[in-house]
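Comments concern the structure below.
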Amino acid sequence: MEIENIISAISIGLSLLAIAGTIFVYCKHDKKLKKQEEKLNAYQLKKFENEEIENKKAQIRGSIIRGEKDRRDLRICNEGKSPAKNICVDFLDNFVGHNKSDVKVTIKNYPSPFELLNVNDHFDIIMYPHAYRFSIDVLKVKLTWEDDFSNQNEYIQHFNLI
């Protein structure tokens, strides 16, 4: 009978040890899962915040479109996710002007600031580079605008006119 008690005590001891091991492994695994879940939640919140910010931003960019003869159109587009307001186009080179004889590029009149540019819309600025008088390769332009995210957005862009 004594052996049976010993075997029974060993069985109970091993069972308790197995239960304790299972509880320990479960708690350790649960803690690890909670850490991962916390990181995932933080990542998702950050992603939602970034998407919300991006949805408030306009992205104003330009491109040059070749027209007939010497004509070039500077197409200003809103590639962002929000309308842009008060878009200003500033030509940073001193050889740009409106029908002056000493300029390298003549710019036809355009509304400045351009009041509103919706998503995926554009407006064109007509230009005539005077290649026969001067050599001009690159035109430097500063674009500024307001959107739902900021009232002081700025982008400087270089355009190849050749």
Side-chain angles (χ1 to χ4, degrees), residues 1-67 71-94 96 105 107 110-127 129 136-162:
M1 190 102 148
E2 207 172 285
I3 291 184
E4 288 177 8
N5 288 341
I6 293 174
I7 291 175
S8 186
I10 291 174
S11 294
I12 291 172
L14 287 175
S15 295
L16 290 175
L17 188 60
I19 290 171
T22 302
I23 291 172
F24 174 75
V25 169
Y26 172 78
C27 290
K28 188 174 181 179
H29 183 69
D30 187 54
K31 185 177 179 181
K32 188 176 182 179
L33 283 176
K34 285 182 180 176
K35 276 186 177 181
Q36 287 176 342
E37 186 177 343
E38 187 178 305
K39 285 181 181 180
L40 184 60
N41 287 342
Y43 171 77
Q44 287 177 331
L45 284 174
K46 186 73 170 169
K47 184 178 174 184
F48 290 137
E49 288 171 2
N50 288 342
E51 285 177 10
E52 193 173 309
I53 288 170
E54 286 301 314
N55 287 336
K56 293 179 179 181
K57 288 183 178 181
Q59 186 177 22
I60 304 301
R61 299 294 184 262
S63 61
I64 296 291
I65 298 173
R66 293 179 184 266
R71 178 178 164 167
R72 302 286 186 269
D73 290 357
L74 175 57
R75 178 160 288 173
I76 305 298
C77 301
N78 182 358
E79 299 171 353
K81 296 182 179 181
S82 177
K85 298 170 263 257
N86 300 321
I87 300 102
C88 291
V89 180
D90 296 315
F91 296 91
L92 299 179
D93 299 312
N94 61 358
V96 175
V105 178
I107 308 292
Y110 61 93
S112 182
F114 196 85
E115 188 176 331
L116 178 69
L117 193 60
N118 288 313
V119 176
N120 296 324
D121 278 350
H122 69 271
F123 67 93
D124 293 338
I125 299 172
I126 299 170
M127 304 183 304
I136 175 172
D137 296 341
V138 178
L139 181 66
K140 192 160 115 177
V141 175
K142 180 169 85 169
L143 304 165
T144 56
W145 68 94
E146 300 172 3
D147 56 28
D148 293 338
F149 181 71
S150 173
N151 288 334
Q152 297 177 347
N153 298 291
E154 180 179 300
Y155 186 72
I156 295 177
Q157 198 168 358
H158 295 82
F159 299 100
N160 187 357
L161 294 177
I162 295 177

What residues form a side chain to side chain donor-acceptor pair (under 3.5 Å) with [X], not counting sequence neighbours?
{"X": "Arg71", "answer": "Asp73"}
{"X": "Asp148", "answer": "Ser82, Lys85"}
{"X": "Asp121", "answer": "none"}
{"X": "Gln59", "answer": "none"}

Hey, can you pull the donor-acceptor pairs under 3.5 Å for the side chains in residues 6-31, sequence neighbours left out?
from: Ser11; atom 1: OG; to: Ile7; atom 2: O; distance (Å): 3.0
from: Ser15; atom 1: OG; to: Ser11; atom 2: O; distance (Å): 2.9
from: Thr22; atom 1: OG1; to: Ala18; atom 2: O; distance (Å): 2.8
from: Asp30; atom 1: OD2; to: Lys34; atom 2: NZ; distance (Å): 3.3

Report the distance from atom CG of Leu139 to atom CZ of Arg72, rounding to the nearest 0.5 Å. 11.5 Å
Name the orientation class of the two ring planes belonging to Phe123 and Phe114 (parallel below 30°, tilted from 30 to 60°, perpendicular beyond 60°).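 The rings of Phe123 and Phe114 lie parallel, inter-plane angle below 30°.
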Report the residues that fulfil ring pair (Phe, Tyr, Trp, His ring centres under 6.0 Å) with Tyr155, sequence neighbours left out, ordered by chain and then residue number.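 Ring pair (Phe, Tyr, Trp, His ring centres under 6.0 Å) check on Tyr155 returns nothing, list empty.
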Are the side chain of Gln157 and the backbone of Gly62 linked by a donor-acceptor contact shorter than 3.5 Å? yes
Of all residues at least two apart in sequence or in a different chain, which pass the side chain to side chain contact (heavy atoms under 4.5 Å, CB included) check with [X]?
{"X": "Ser150", "value": "Asp147, Gln152, Asn153"}
{"X": "Gln36", "value": "Lys32, Leu33"}
{"X": "Asn86", "value": "Pro113, Glu146"}

What side-chain donor-acceptor pairs closer than 3.5 Å can you find for residues 41-54, not counting sequence neighbours?
from: Asn41; atom 1: ND2; to: Glu37; atom 2: O; distance (Å): 3.4
from: Asn50; atom 1: ND2; to: Lys46; atom 2: O; distance (Å): 3.4

Who passes salt bridge (charged side-chain N to carboxylate O under 4.0 Å, His left out) against Asp124, sequence neighbours left out?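 Here the qualifying residues are Arg75.
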